[in-house]
Amino acid sequence: MDLRALAAGVAFAFMWSSAFTSARLVVADAPPFAALSVRFALSGLVAIAIATLIGQSARISPAQWRAVVLFGICQNTLYLGLNFAAMRWVEASVAVIVASLLPLVVALASRFVFAERLPPLGIAGLAIGLVGVIVIMQGRLAGGGVDAAGLALMIAGLLSLAGATLLLREALPKHDLLMMVGLQMLVGSATLLPLALIFDSWQVTWTLSLGLAFAYTTIFPGLVATLTWFWLVRRIGPTRSASFHFLNPFLGVAVAALVLAEPLTLRDALGVAVVMLGILAVQRARRSEAGAAAKPPLSGRTG
């Protein structure tokens, strides 16, 4: 992996991890679906405006238009919409731990959708990651620290994001990437609006915390991180890009503890470490398998 991709991946991981803390601050003072719809509208319009100024076009193929719509719904409406709704009851540290399972879900789904082999190390990694989640969630559920309904919403959102990640495998254009990012954000904004009208209370408490958190989540996790993710998937592929989610448990829990003063127990720290180990095992197994497949077969001839 080249240095540019490595730096972009680490930056993406931090922005993505911090989004759970900023989302928690936003939904404390604003309705979740409405806030997210407005965020996507602003981010999308900014992205499209910048893309237009630098000469990018919305003239993409019908297959790419379908990808824009499906990705906008999967990531923005379902994944982030469900997460924003759940953040009213679930701590940011729990949300980031659930989201960090993306590489494990992508690896498992790739096995069934694309018939990709998963070596023994990868299977072990899936099992280790599951153990880590059980360690964390058992303690949280026993202590009343996790709302079951909120957790269910986050798991449903995770499955949707995994589907969006696999969708990007074949659908990304080689050009006009910023325009595509902006368009899929507008799709998210439009599809979240009906949910806001139906489910939101439309009561906003205007605070400095809300303003700063909303501005941050609109610019960085909303626009910059999404563009970085598209760029990474196109440059190094969905599986290697998903490996940067390996950093999310540590970064997300650390940011939540520092900014929101969320409690962090020894059991949580142990579970996060186990989850990270599982994700790392899966990614190492996938890279080893890809490297072995790329090598030419040995010939029985000696010359």
Hey, are the side chains of [X] and [Y] touching, using non-hydrogen atoms and a 4.5 Å cut-off?
X: Phe40; Y: Leu80; value: yes
X: Ile73; Y: Val69; value: yes
X: Leu36; Y: Arg39; value: yes
X: Leu183; Y: Trp65; value: yes
X: Met179; Y: Thr52; value: yes
X: Leu251; Y: Trp16; value: no

Is the side chain of [X] donor-acceptor paired with the backbone N or O of [Y] at a distance under 3.5 Å, no angle test?
X: Glu262; Y: Ala256; value: no
X: Ser22; Y: Ala213; value: no
X: Thr191; Y: Val187; value: yes
X: Ser37; Y: Phe33; value: no
X: Thr218; Y: Ser43; value: no
X: Ser18; Y: Met15; value: yes

Subject >> Counterpart residues, ring pair (Phe, Tyr, Trp, His ring centres under 6.0 Å), relative to Tyr216 (two or more places apart) >> reply: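 So Tyr216 forms a ring pair (Phe, Tyr, Trp, His ring centres under 6.0 Å) with Phe220.
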Heavy-atom closest pair, residues [X] and [Y]:
X: Val26; Y: Ala35; result: CG1-CB, 3.8 Å
X: Ala190; Y: Pro194; result: O-CD, 3.1 Å
X: Ala95; Y: Phe20; result: CB-CD2, 3.5 Å
X: Trp89; Y: Gly150; result: CE3-CA, 4.2 Å
X: Leu78; Y: Ser160; result: CB-OG, 3.3 Å
X: Leu223; Y: Ala47; result: CD1-CB, 3.6 Å

Original post:
What's the verdict on side chain to side chain contact (heavy atoms under 4.5 Å, CB included) for Leu70 and Gln184, showing C-alpha distance, side-chain angles and the deciding distance?
Top reply: CA-CA 8 Å; Leu70 290 175; Gln184 61 90 17; over 6 Å; no
**OP:** Tell me, with the steps shown, if Val255 and Phe14 meet side chain to side chain contact (heavy atoms under 4.5 Å, CB included).
**Re:** CA-CA 9 Å; Val255 172; Phe14 177 79; 4.1 Å; yes
To the nearest 0.5 Å, what is the distance between [atom1] on [X] and [atom2] on [Y]?
X: Leu192; Y: Phe199; atom1: CG; atom2: CZ; value: 11.5 Å
X: Leu227; Y: Leu232; atom1: CG; atom2: CG; value: 10.0 Å
X: Thr228; Y: Arg235; atom1: OG1; atom2: CZ; value: 12.5 Å
X: Leu260; Y: Glu91; atom1: CG; atom2: CD; value: 9.0 Å
X: Ile48; Y: Met180; atom1: CD1; atom2: CE; value: 12.5 Å

Tell me whether [Y] is reachable from [X] by hopping between hydrophobic residues (I, L, V, M, F, W, Y) whose side-chain heavy atoms are closer than 4.5 Å.
X: Leu45; Y: Met185; value: yes
X: Phe250; Y: Leu6; value: yes
X: Phe84; Y: Ile198; value: yes

Subject >> Matching residue for Leu82 among Leu153, Leu195, Leu158, Leu161 - test: side chain to side chain contact (heavy atoms under 4.5 Å, CB included) >> reply: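 Result: among Leu153, Leu195, Leu158, Leu161, Leu153 is the only option passing the side chain to side chain contact (heavy atoms under 4.5 Å, CB included) with Leu82.
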Subject >> Residue among Val204, Leu25, Val27 satisfying side chain to side chain contact (heavy atoms under 4.5 Å, CB included) with Leu210 >> reply: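 Answer after filtering Val204, Leu25, Val27: Val204.
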Original post:
Passes side chain to side chain contact (heavy atoms under 4.5 Å, CB included), Ile128 versus Val274? Steps please.
Top reply: CA-CA 7 Å; Ile128 291 170; Val274 172; 3.7 Å; yes
Original post:
Which pairs count as side chain to side chain donor-acceptor pair (under 3.5 Å) when at least one residue sits in residues 195-214, sequence neighbours excluded?
Top reply: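 Only Asp29-Thr207 qualify under side chain to side chain donor-acceptor pair (under 3.5 Å).
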**OP:** Using the side chain to side chain contact (heavy atoms under 4.5 Å, CB included) rule, take Arg4 and Trp231 through it: C-alpha gap first, then chi angles, then the decisive distance, then the call.
**Re:** CA-CA 11 Å; Arg4 289 181 63 189; Trp231 182 85; 4.0 Å; yes
**OP:** Please say whether more than 12 non-hydrogen atoms of neighbouring residues, nucleotides or ligands are located less than 6.0 Å from CD1 in Ile54.
**Re:**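 Yes - once you tally the heavy atoms of other residues, nucleotides and ligands closer than 6.0 Å, there are more than 12.
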